[in-house]
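Worksheet for the structure shown next.
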Amino acid sequence: MAGKRIGYIRVSSLDQNTERQLDGLALDKRFEDKASGKDTHRPQLKAALDYLRDGDVLVVHSIDRLARSLADLESIVKELTGRGVAVEFVKERLIFTGAGDDPMAVLMRQMLGSVAQFERAMIRERQREGIALAKAAGRYKGSKGKLTQEQVAALVARDTENGGKNRSALARELGVSRETLYQYLIEAGRHERTAAADASSV
C-alpha cells in the first residue's frame with residue numbers, strides 16, 4: 001500500500017495567504033502554520049511530524065517554508081528520512097529519502113538552508129538598524145503594553161458581538177496591532193476549550 005502525501009504550509013503572519021503554496025497538488029492531508037520559521041516550535045509542524053508514517057511523503061512548497069535555520073532544516077529532514085518518510089521541496093524540485101540521496105542534491109539543500117538562515121539574519125539586522133534610527137530621531141516608542149485579563153475578556157466579548165468584523169478598528173481602539181489582537185483571540189479560544197474540557201470531565 002502506497003504511503004500518503006502530506007502537505008505542510010507555512011506563512012509568517014495571520015494576514016498572509018496560504019493558497020499559493022502547494023496549489024493544485026494532490027495531497028491526502030494538509031497542515032498549515034501561520035507563524036515565524038525562526039524555530040521548530042510550531043503547532044501544525046509538530047502535528048505533521050507526529051502524523052507522518054513510514055512510506056509517507058512530506059510535501060513542502062520550498063525549503064524556507066520548512067525552516068529558516070540550517071540546523072533545524074537538517075534535523076527535520078534527517079529525522080524524517082530516518083523514519084522512512086521522504087521529504088519533497090516543490091519549488092527546488094528536490095526529493096530526499098535518506099537512502100542513496102544525490103550528494104549534489106544534499107549540497108543544494110544545505111546551501112539553500114544557509115541562504116534562508118542568512119536572509120533571516122539580515123531581516124533582524126535591518127529591524128535593529130531601523131529601531132536605532134527611530135530612537136535617534138525620537139520616534140521609537142517601543143512595543144505596546146500587554147492587555148490585562150479584563151481587557152482580553154472585553155476584547156472577546158466585543159469581537160463576539162461584532163461577529164468577528166471590524167477587527168482592525170478594535171485593535172486600534174485597544175492600542176495593539178491586528179496580529180496581536182488575533183493572538184489574544186486565539187489564546188482566549190484555547191483557554192475556553194480547555195476550561196470546557198475540564199468542566200466536562202468533572
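Everything numeric in this text was worked out from a predicted model, so none of it was measured.
- For the residue pair Y51 / D56, no side-chain donor-acceptor distance below 3.5 Å is found, with atom types taken as modelled.
- With hydrogens and angles disregarded, a donor-acceptor distance shorter than 3.5 Å links the side chain of R68 to the backbone of A116.
- A donor-acceptor pair under 3.5 Å is formed between the side chain of D33 and the backbone N or O of L45.
- A donor-acceptor pair under 3.5 Å is formed between the side chain of R42 and the backbone N or O of D39.
- In the hydrophobic cluster analysis, where Ile, Leu, Val, Met, Phe, Trp and Tyr join through side-chain heavy atoms closer than 4.5 angstrom, V60 is grouped apart from I95.
- Taking OG1 of T81 as the reference point, atom CD1 of I76 lies at 11.5 Å (rounded to 0.5 Å).
- R93 contributes atom CZ, which lies 14.0 Å from atom OG of S62 (distance to the nearest 0.5 angstrom).
- R10 has no carboxylate O lying under 4.0 Å from a charged side-chain N of E32, or vice versa, which leaves the two without a salt bridge.
- With R83 contributing its side chain and L52 its backbone, the two residues share a donor-acceptor pair below 3.5 Å.
- Using a cutoff of 4.0 Å between basic side-chain nitrogens and carboxylate oxygens, E92 and R109 are not scored as salt-bridged.
- F96 has its side chain out of reach of D102: every pair of non-hydrogen atoms, C-beta onward, lies at least 4.5 Å apart.
- In this structure, the side-chain contact (heavy atoms from CB on, under 4.5 Å) partners of A48, at least two apart in sequence or on a different chain, are F31.
- Linking Ile, Leu, Val, Met, Phe, Trp and Tyr whenever their side-chain heavy atoms come within less than 4.5 Å puts L49 and L73 in one cluster.
- Under the 3.5 Å distance criterion, the side-chain polar atoms of R53 are left unmatched by any main-chain donor or acceptor of V85.
- Judged purely by atom type and a 3.5 angstrom limit, R167 has no side-chain atom pairing as donor or acceptor with the backbone of L181.
- Closest of all the heavy-atom pairs between L27 and G7 is CD1-CA, 3.9 Å.
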Using side-chain contact (heavy atoms from CB on, under 4.5 Å), reason through L94 and E88 one step at a time and then give a plain yes or no.
CA-CA 6 Å; L94 295 172; E88 177 181 349; over 6 Å; no
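- Under a 3.5 Å cut-off, the side chain of D101 and the backbone N or O of G98 do form a donor-acceptor pair.
- Cluster annotation: L66 is connected to I63 through the hydrophobic network of ILVMFWY side chains, with a link wherever side-chain heavy atoms come within less than 4.5 Å.
- Not counting sequence neighbours, the partners of K38 by the side-chain contact (heavy atoms from CB on, under 4.5 Å) test are S36, R120.
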